[in-house]
Amino acid sequence: MSAEGSERCCGFGGSFSVKLPAVSVAMADEKLDNLAATGCEQVTSCDLSCLLHLQGRARRRGLELRFDHVATLLDPGP
């Protein structure tokens with residue numbers, strides 16, 4: 001399932017989140033709001049920095065979402 005705005009940046013890229021932290025947080029929160037609106041329980045991406053940024057914001061907001069890199073779904077290991 002794809003959430004509204006799924007193609008938009010999460011707000012973490014490069015030094016962006018350091019130079020404009022309030023904007024970075026707002027972008028992540030908008031993405032998380034869109035994900036929550038779909039009723040999803042898991043977020044999967046191939047971009048680890050996006051996953052870490054969104055997971056950190058989700059935890060701070062008390063959202064119960066799982067975050068996984070696509071590689072862990074392809075090979076969950078032992």
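Remark: the backbone N or O of Leu54 is not paired with any side-chain donor or acceptor of Lys31 at under 3.5 angstrom.
At a threshold of 4.5 Å between non-hydrogen side-chain atoms, the residues Leu51 and His69 count as touching. Side-chain contact between Glu41 and Glu64: absent, with no pair of heavy atoms (C-beta onward) separated by less than 4.5 Å. Side chains of Leu65 and Cys40 form a contact here, defined as non-hydrogen atoms less than 4.5 Å apart. Side-chain contact between Val43 and Arg66 is absent, with no heavy-atom pair separated by less than 4.5 Å.
Contact between Arg57 and Ala28 at its shortest, heavy atoms only, is CG-CB, 3.6 Å. Between Cys9 and Met27, the shortest heavy-atom contact is O-CE, 3.7 Å. Residues Ser17 and Gly11 share a closest heavy-atom pair of CB-O, 3.8 Å.
Atom-to-atom distance recorded for Phe67:CZ and Leu48:CG is 12.0 Å, nearest 0.5 angstrom. Within the model, atoms NE2 of His53 and CG of Leu32 stand 8.0 Å from one another, a figure rounded to the nearest 0.5 Å.
For Asp33, the side chain to side chain donor-acceptor pair (under 3.5 Å) criterion is met by Arg61, not counting sequence neighbours.
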Let me see the working for Phe16 and Val23 under side-chain contact (heavy atoms from CB on, under 4.5 Å), right down to the final yes or no.
CA-CA 9 Å; Phe16 182 85; Val23 176; 3.6 Å; yes
Test log, rule side chain to side chain donor-acceptor pair (under 3.5 Å), inputs Ser49 and Asp47:
CA-CA 6 Å; Ser49 62; Asp47 190 319; 2.7 Å; yes
Stepwise side-chain contact (heavy atoms from CB on, under 4.5 Å) check, Gln42 with Leu73
CA-CA 11 Å; Gln42 180 171 340; Leu73 298 178; 3.5 Å; yes
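The 12-atom threshold is not exceeded at CZ of Arg60, counting heavy atoms of other residues, nucleotides or ligands nearer than 6.0 Å.
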